[in-house]
Number of protein chains: 2
Amino acid sequence: MDLDRSLVSGSMALLVLKLLEERDLYGYEMMETLRARSDDTFHLKAGTLYPLLHGLEEKGLVTAYEREAAAGKPRRYYHLTDQGRCALTEKEASWHRYARAMHRVLKGGACCAGA
Amino acid sequence: MDLDRSLVSGSMALLVLKLLEERDLYGYEMMETLRARSDDTFHLKAGTLYPLLHGLEEKGLVTAYEREAAAGKPRRYYHLTDQGRCALTEKEASWHRYARAMHRVLKGGACCAGA
DNA sequence: CCTCCTATATAGATATTCGATATATCGGAT
DNA sequence: ATCCGATATATCGAATATCTATATAGGAGG
């Protein structure tokens with residue numbers, strides 16, 4: 001299932017990319033935004049997010065820059081590149097394809113004989 | 001993400017359980033049915049399916065029985081137990097919750113500021 | 001002073017799925 | 001007669017994603 005492997009398991013990458021489409025964000029902010037946006041369904045953990053962000057940076061899908069915060073540690077902001085925007089479009093399409101197929105199997109029960 | 005871990009990565013279990021809700025099936029049949037039902041989106045492989053079925057059997061979600069085929073090797077049919085039916089209901093609910101959250105993040109873009 | 005909240009980071013563990021390989025039988029092609 | 005492909009089940013090792021736990025560091029509040 002190439003679709004599954006890189007997408008549904010890797011849905012976090014899609015979600016992060018999607019958030020960055022709107023504006024630049026730093027890691028901690030992403031966790032909170034995602035939780036709020038998904039109505040507390042997605043609990044993206046630090047141990048998942050930061051390695052993921054480093055991976056996206058390596059692949060050239062995002063760029064990073066640091067900026068001082070009013071207080072506390074400096075924040076590392078991430079920005080979506082053109083390549084990242086392209087990858088996002090693909091991942092979104094894959095997600096829709098996956099969700100559609102899922103729906104087809106789940107609804108296509110005993111009653112209507114498929115198609 | 002407990003939701004994600006046991007559901008979206010484990011969507012194969014949900015799909016298999018769903019197929020068995022309708023009628024008893026043997027492994028090879030599931031692979032073909034799933035491919036057809038999902039319009040060629042899901043390509044469940046033998047190396048994924050058989051260990052999965054053994055796992056479901058161990059957990060008591062399905063029972064198995066062998067039956068001779070007209071030709072070739074005897075087929076191992078799987079039957080959904082009450083417990084399996086219960087697990088299916090839960091997994092379906094989880095899937096809907098996940099898909100809904102996903103949709104909320106993907107649509108809730110720059111335009112409408114969320115809610 | 002200690003703890004909690006913010007903020008980033010890494011290492012180890014766990015789970016899911018895939019690819020490769022093995023077995024066995026049948027039908028068709030060479 | 002033999003080889004190959006399709007049916008049918010099974011197992012092992014590898015790759016990948018995510019989590020838990022832990023570490024660092026500054027600021028705020030008790």
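Reminder, nothing fancy here: chain letters follow the sequence lines and each chain counts from 1.
Using cut-offs of 30° and 60° on the angle between ring planes, the pair B:W95 and B:Y98 is parallel.
Counting to the nearest Å, the P atom of C:dC5 and the CZ atom of A:R75 are 17 Å from each other. Residue A:L49 contributes atom CG, which lies 11 Å from atom P of D:dT18 at whole-angstrom precision. Here D:dT9 presents its P atom at 13 Å from CD of B:E57, a figure rounded to the nearest Å. One interatomic measurement links the two molecules: CD of B:E68 to C1' of C:dT25, which rounds to 12 Å at whole-angstrom precision. Distance, B:M31 CE to D:dT9 P: 7 Å, rounded to whole Å. The distance between atom CE of A:M30 and atom P of C:dA7, rounded to the nearest whole Å, is 12 Å. One interatomic measurement links the two molecules: CG of B:L52 to P of D:dC12, which rounds to 16 Å at whole-angstrom precision. Between the CZ atom of A:R35 and the P atom of C:dC5 there is a distance of 12 Å, given to the nearest Å.
Contact check, A:H54 against C:dT10: a side-chain N or O comes under 4.0 Å of OP1 or OP2.
At a threshold of 4.5 Å between non-hydrogen side-chain atoms, the residues A:L49 and A:L34 do not count as touching. The shortest distance between side-chain heavy atoms of B:M102 and B:R97 does not fall below 4.5 Å.
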Please list, pair by pair, any protein nitrogen or oxygen found under 3.5 Å from a nitrogen or oxygen in nucleotides 2-6 of chain D.
none

I'd like a list of close polar pairs between nucleotides 21-28 of chain D and the protein, N/O only, cut-off under 3.5 Å.
none

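Under 4.0 Å is where a charged nitrogen must lie from a carboxylate oxygen, and between B:R23 and B:E29 at least one such pair does. With respect to B:R37 and B:E22, a salt bridge is recorded, a charged nitrogen being found less than 4.0 Å from a carboxylate O. In this structure, A:R76 pairs ionically with A:E57, as a charged nitrogen and a carboxylate oxygen lie closer than 4.0 Å. With respect to B:K18 and B:E92, a salt bridge is recorded, a charged nitrogen being found less than 4.0 Å from a carboxylate O.
Judged by distance alone, the side chain of A:T81 and the main-chain N or O of A:L61 form a donor-acceptor pair under 3.5 Å. No side-chain donor-acceptor contact under 3.5 Å links A:T48 to the backbone of A:L44.
For the contact set between residues 58-66 of chain A and DNA chain C, defined by any heavy atom under 4.0 Å, there are no members.
Comparing B:Y78 and B:E32 by the nucleotide of DNA chain D that holds the closest heavy atom to each, the one mapping nearer the 5' end is B:E32.
Ring centroids of A:Y65 and A:Y78 are separated by 6.0 Å or more, keeping the two rings apart.
Of all nucleotides listed (D:dT9, C:dA7, C:dT17), C:dT17 comes nearest to the side chain of B:M12. For B:L44, taking side-chain heavy atoms from C-beta onward, the closest of the listed nucleotides C:dT10, C:dC18, D:dT9 is C:dC18. Comparing D:dT20, D:dT11, C:dA7 against the side chain of A:K45 picks out D:dT20 as the nearest. Minimum atom distance to the side chain of B:S11 is reached by C:dT17, of the listed D:dA10, C:dT17, C:dG19.
Geometrically, A:R67 engages A:Y77 in a cation-pi contact, judged by NZ or CZ lying under 6.0 Å from the ring centre and within 45° of the ring axis.
Taking a 6.0 Å sphere around CG of B:D82, one finds it holds 12 or fewer heavy atoms contributed by other residues, nucleotides or ligands.
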